[in-house]
8 protein chains.
Amino acid sequence: MPEVILGLGKTPEQIVAIAAALLERADRLLVTRVEPAAVEALTAAIPDAKYHEIARCVTVERTAVPKPDGVIVLCAGTADLPVAEEAAVTAEIIGNDVRRVYDVGVAGLHRLLDQLSLLREARALVVVAGMEGALPSVVAGLVNAPVIAVPTSIGYGASFRGLAPLLAMLNSCAAGVGVVNIDNGFGAGYLAASINRTALTSRAD
Amino acid sequence: MPEVILGLGKTPEQIVAIAAALLERADRLLVTRVEPAAVEALTAAIPDAKYHEIARCVTVERTAVPKPDGVIVLCAGTADLPVAEEAAVTAEIIGNDVRRVYDVGVAGLHRLLDQLSLLREARALVVVAGMEGALPSVVAGLVNAPVIAVPTSIGYGASFRGLAPLLAMLNSCAAGVGVVNIDNGFGAGYLAASINRTALTSRAD
Amino acid sequence: MPEVILGLGKTPEQIVAIAAALLERADRLLVTRVEPAAVEALTAAIPDAKYHEIARCVTVERTAVPKPDGVIVLCAGTADLPVAEEAAVTAEIIGNDVRRVYDVGVAGLHRLLDQLSLLREARALVVVAGMEGALPSVVAGLVNAPVIAVPTSIGYGASFRGLAPLLAMLNSCAAGVGVVNIDNGFGAGYLAASINRTALTSRAD
Amino acid sequence: MPEVILGLGKTPEQIVAIAAALLERADRLLVTRVEPAAVEALTAAIPDAKYHEIARCVTVERTAVPKPDGVIVLCAGTADLPVAEEAAVTAEIIGNDVRRVYDVGVAGLHRLLDQLSLLREARALVVVAGMEGALPSVVAGLVNAPVIAVPTSIGYGASFRGLAPLLAMLNSCAAGVGVVNIDNGFGAGYLAASINRTALTSRAD
Amino acid sequence: MPEVILGLGKTPEQIVAIAAALLERADRLLVTRVEPAAVEALTAAIPDAKYHEIARCVTVERTAVPKPDGVIVLCAGTADLPVAEEAAVTAEIIGNDVRRVYDVGVAGLHRLLDQLSLLREARALVVVAGMEGALPSVVAGLVNAPVIAVPTSIGYGASFRGLAPLLAMLNSCAAGVGVVNIDNGFGAGYLAASINRTALTSRAD
Amino acid sequence: MPEVILGLGKTPEQIVAIAAALLERADRLLVTRVEPAAVEALTAAIPDAKYHEIARCVTVERTAVPKPDGVIVLCAGTADLPVAEEAAVTAEIIGNDVRRVYDVGVAGLHRLLDQLSLLREARALVVVAGMEGALPSVVAGLVNAPVIAVPTSIGYGASFRGLAPLLAMLNSCAAGVGVVNIDNGFGAGYLAASINRTALTSRAD
Amino acid sequence: MPEVILGLGKTPEQIVAIAAALLERADRLLVTRVEPAAVEALTAAIPDAKYHEIARCVTVERTAVPKPDGVIVLCAGTADLPVAEEAAVTAEIIGNDVRRVYDVGVAGLHRLLDQLSLLREARALVVVAGMEGALPSVVAGLVNAPVIAVPTSIGYGASFRGLAPLLAMLNSCAAGVGVVNIDNGFGAGYLAASINRTALTSRAD
Amino acid sequence: MPEVILGLGKTPEQIVAIAAALLERADRLLVTRVEPAAVEALTAAIPDAKYHEIARCVTVERTAVPKPDGVIVLCAGTADLPVAEEAAVTAEIIGNDVRRVYDVGVAGLHRLLDQLSLLREARALVVVAGMEGALPSVVAGLVNAPVIAVPTSIGYGASFRGLAPLLAMLNSCAAGVGVVNIDNGFGAGYLAASINRTALTSRAD
């Protein structure tokens, strides 16, 4: 497993120091929630660090690991991309070949239904949604695999910074949905990777 | 327009007294949120009062009014019926021939999609939902007519007595949705009737 | 119907790219919640784009559509203007000749009562209010047409960013009120347009 | 000043014991929030105790005090009567001749406007309201005397047991409004009496 | 009465325009919540405008009005001064000679008790407090005159921007307390002035 | 998959009718949140219905399905048993041989650490906790398999009916945790079964 | 230390079974939050069990332990007694001679000030308060020893079941205050005992 | 005891003025929550002022006081350091030799268990935690001394600025925990010092 640093609440100096220390004993590293100043400091200090702009993540990968498919990340559009990408980048560095489905929303059901056969091949689906947070319920009604729901804070007013989709997801009428914190793309990607690894490890038995 | 009494917070004696006073000058009456004791008192005092058990309403209709169609009430199932029926009974006594579509939910989209041509004929749709409150968003994505969303308090835990679907409906990603209070079937039925009457009155111009 | 972009949570580059793509197949466009940088980018890229400063919207209208009257937008004063104007601009580009009544408030009832005959001509009223959010209840007590209530986040302290007027509107003692999200002028204008169109389409039957 | 016992959270035995002890040194007593069992115990133990059923109060008055006018209590209807009466009974036993105006609400403004000259004679107005809590704002826009606003817990759903009118009253667009706790008729009556007494004591200077 | 402008949510241009219009028919003006840019614009446009820095208010007084005493404003210290001063400046321009008691807090009771005889001379007391909001309860236990409690948003964490003292004040164990919105010094000063004027007008009867 | 009825908000008559209808086409049924009256009605109408008292569930199993191991349910003690058992019974009827570990809590870590090798064999762990909700975080720090966290409403005061453990679980410092609604043992058992089935189906590839 | 059972959420049968099991290896037991049915079952099964009615606790003490003084429990009156007594009984069975001061409140400061020299002798003070929750702040301003603040749920309306005093105590302007959960008399008594024991153990060094 | 200034909500000028006034009669001073501008002003005005960067505190110590051990401050990592250091610096200037244990968290239990014998020597432990706030519960299950829990606002989404760990700590399943406000390192350090002083003063008896 890669080492992980949550960038939030840490200064660039602290992040670089922790990253350097971790890389002495690890060959894969993920830094999430990196502000521009920390990105600059990290890429200056660690030449092979890679910045994922939309995901606001930095990764270092010094050994290749196998990356089987099985994880799909869905969201409805542009504003949710940072969280969806954080989930995808997380699952990728842990060791997954992630499929992205980013143009589906409950107000345009046909685009979602068009992807149905693809969705049914997944071993774990990360579904990212802001606003009314209905997408995970709709998806979980269409597939049998576990759905990991991620509410986002994009919205305004009675979204209350993501409380609205969070509550919607916790109250999903469709079973088989686990919820992570608002904007927690990392947690969702990690959990999806954990489910996929459990499945594939079981297969190897 | 019929006279209306909100039964909540009033004793049976108070309800009967107000009802009797109103019926001296009105020929149609709607009493909502009637507890069993008040039902008994009302039907004893007013022989032509009619009790709508699921809707928890009592109505008195002493003159016939025209009841055009145009209003549809939707919900996903058994637990939301009291609120859906309160909306339907309200629209009916105001003067509408209400169509009920009560077996549709976001976890089983095909039943909803099967009703699509019917839904597109409505001039106003009342969509009642508890749990994650996604149904109005999905319906509003499929029709052009105004959608009135009613969250219900059925649920538990992080539903917080209907807060979850209320917030979801206020944050709907689909435009054209107006929201009423949690469990406020009356308000939704009244607003649907108001929209339908405005449309039909305009037609008569 | 015009295409719509919610500017919130999108970069100027993303907004311009989406706008350009939409305008290849649409001849009317509405962009809401546009920050100054995005306004500059949009008006540079799309010469016939029109900026509505108070409403914080940009519109493009390449074909004329009929604009019947029937929609009125009300608010109490200066601080609520951005939301009221977002509602008005939205209803206009969809196809309405919107009447604005912007100097009425519950602490000076006579100015509201002076407009009574005008208000009673509307087929849909958008009522915007911050603070205690009482205006929609008072208006709905005076007219028969549907009232769309829009709470605003202007206020401080126990307004809790618009929660106070939102709750007040959801609990209106006057029937016939549908509520949209805090500051959601777009949603209110869209719903008013939807009601007016339903009425006028019905008339044409 | 009379002695006061808040009945809430006390057993009938505790209430009777405290009342008996207080009456050894006081000749006026007010017990609020009295449950039926405590009413029975109190009236059995204290023969001259008087029960005010709607107000849910018990009073004992063993000396007459002057009761000048100046305090008016307003509410919109039946469901708010218990709180309005608690305010009135409180102001009365402290020493006021209270005027009640109980049939006024924001959805029927004309009944309120009909009472305008009466309202303008008050030195302190207690305005009780549930639902959207708009009445104190409207009243404060019409009079110059201090308005004491009392939110009530009557309502449902997004009333959140009186939170909606409480927030509305705290955010009143009309100045000159002081707010007390939800359902706190006692506090409002006490404060009105305090204002009236201050005024009349000043007059006597 | 002076004209009043709430500066919050208005641009400097809007504030100056409204102020100029009001001063054409009024000779006293109060502008609250003025940001530095608006202060500059106002004092440039209206030469006799006076800026009250701590209170964040601008006043214009073109005729002298009598300023009787009777109003006292209390707070515990430096951080609550802006709100306390807003209350004091408001009561002053309405027409009061305000007494300030600014060094009293519940953690140092003796300084409060030292002022007891002064406090008991007031006809209305404005008590401003942040943190646990206990000061109004303690003061109301010591005086008979009406107490107007103003919670402030100064604090952090579980203060929740003033919610903590707001709730404390609404639940005061001492009777005779009316509460205004968080940080609403203006409302408190206005209400205190209203009580004092009622008292003094009554005296003149 | 078995058919499922959520008993909450349905009358015994409604539950029996739905159950009978479902059993005409299904051979396995789970009814959750069954009140005693509904239990009586169900077991009278359906002779082979089995009541799980602690879990408050009724099951009907008319065909045997394979029940592989892989799912573990943990909780800290007596008060959380109803939710833990609902999860276990759900996973069992879907088709799992569930291992229960019910005597572990964060205030007595050694009992948890004693079970470590068992816990590390699971393919999915359901961790039920009320109070401070720390158990899922501690467990997720010890195992690699996915953890499904279930907050319970057991507690008082600042538990706010389960909000405290819900928030704690959403903010877990350990990655790999998905959260379901407060008291939602069913959802957790279903999700665990979904993960286990995905793993075992993959193995069979 | 005695064994402790939280009675809340457990059936009488479960409580008796756990108590019996614990008493096989312990000679002191405390059961808190005991409902009448459980009291009956406990005293029937365990003859030397002692019921503390106001505290709603049952204790068993089979060996005497030394009970030094040092702990004082304060509250303002009748309604807070159950919580105050739970704290006192808890500290007693752990091994303290508890002093009770139950007639002090912030609205009658002199009774509190009369006890000042007693309060200053304590090594730990438990201060129980509902309503505005100001008592711990006032006490902590008068003594140097640690103050343990216990909010109670007694109150109504904007008390929100004890949230108001909880927030007040967390925001205390006086330093040296630690807060426990709403109504958590047990936790406060336990913490006071822990502080007193630490002090007395240190003395013995 | 040192004098204390809470820097929050005060201008640099106000802080320097208060500090200078206090230092005329005191020889030890602690200023908390100091912004950079105030640090500069303080160190310029008071040459022997010492800035503690991570703790965001300034101290002045002009006489040495004895600093016995007995207080331990724990936290899980980098982001909680400012609060932990505020607690430590506070306890130090009051007069304690504070031991810091800053690399322990519930997701890596072994590092905590490695420190067990050290933790058991403390007379008071300050345990700082953000995220799910579980650390104080785990620590209190391992030691007998009083635990002071400090929630931090570090986190995002459903942390709600520290509400999540605050509620978790108030609902701790381990007894002997007192909680202070979110981010209130000062209050925790002060209370720990108060407990340690009480213990050592008792010892001296």
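Since this is a predicted model, take the numbers as computed values, not measurements. Throughout, protein chains are lettered first and strands after them, A, B, ... in sequence-line order, and every chain is numbered starting at 1. Heavy atoms only: backbone and side chains are in, while hydrogens, waters and symmetry mates are out.
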Could you list each donor and acceptor atom pair linking chain F to chain H at less than 3.5 Å?
{"unit_1": "F/Glu132", "atom_1": "N", "unit_2": "H/Asn171", "atom_2": "O", "d": "3.2"}
{"unit_1": "F/Glu132", "atom_1": "OE1", "unit_2": "H/Ser137", "atom_2": "OG", "d": "3.2"}
{"unit_1": "F/Glu132", "atom_1": "OE1", "unit_2": "H/Cys173", "atom_2": "N", "d": "2.7"}
{"unit_1": "F/Ser137", "atom_1": "OG", "unit_2": "H/Glu132", "atom_2": "OE1", "d": "3.2"}
{"unit_1": "F/Ala158", "atom_1": "O", "unit_2": "H/Asn171", "atom_2": "ND2", "d": "2.9"}
{"unit_1": "F/Ser159", "atom_1": "N", "unit_2": "H/Asn171", "atom_2": "OD1", "d": "3.2"}
{"unit_1": "F/Asn171", "atom_1": "O", "unit_2": "H/Glu132", "atom_2": "N", "d": "3.2"}
{"unit_1": "F/Asn171", "atom_1": "OD1", "unit_2": "H/Ser159", "atom_2": "N", "d": "3.3"}
{"unit_1": "F/Asn171", "atom_1": "ND2", "unit_2": "H/Ala158", "atom_2": "O", "d": "3.0"}
{"unit_1": "F/Cys173", "atom_1": "N", "unit_2": "H/Glu132", "atom_2": "OE1", "d": "2.7"}

*Looking at H/Ala107, H/Ala134, H/Ala76, which makes the most heavy-atom pairs under 4.5 Å with chain F?*
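Most heavy-atom pairs within the cutoff with chain F belong to H/Ala107.
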
*When H/Gly155, H/Ala164, H/Ala129, H/Cys173 are compared by non-hydrogen pairs under 4.5 Å with chain F, the top option*: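 Result: the option with the highest number of such pairs is H/Cys173.
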
*Answer yes or no: does atom CG of F/Leu116 have more than 12 heavy-atom neighbours from other residues, nucleotides or ligands under 6.0 Å?*
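Above 12, so yes.
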
_Engaged part of H/Ala158 at the chain F interface, taking heavy atoms whose separation is under 4.5 Å_ =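 Both the backbone and the side chain of H/Ala158 come within 4.5 Å of chain F.
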
*Which one, F/Ala168, F/Gly108, F/Gly157, leads in non-hydrogen pairs under 4.5 Å with chain H?*
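Sorted descending by pairs with chain H, the first entry is F/Ala168.
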
*asked:* Please classify the contact between F/Leu113 and chain H as side chain, backbone, both or neither, with a heavy-atom cut-off of under 4.5 Å.
replied: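 Contact with chain H involves the side chain of F/Leu113 alone.
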
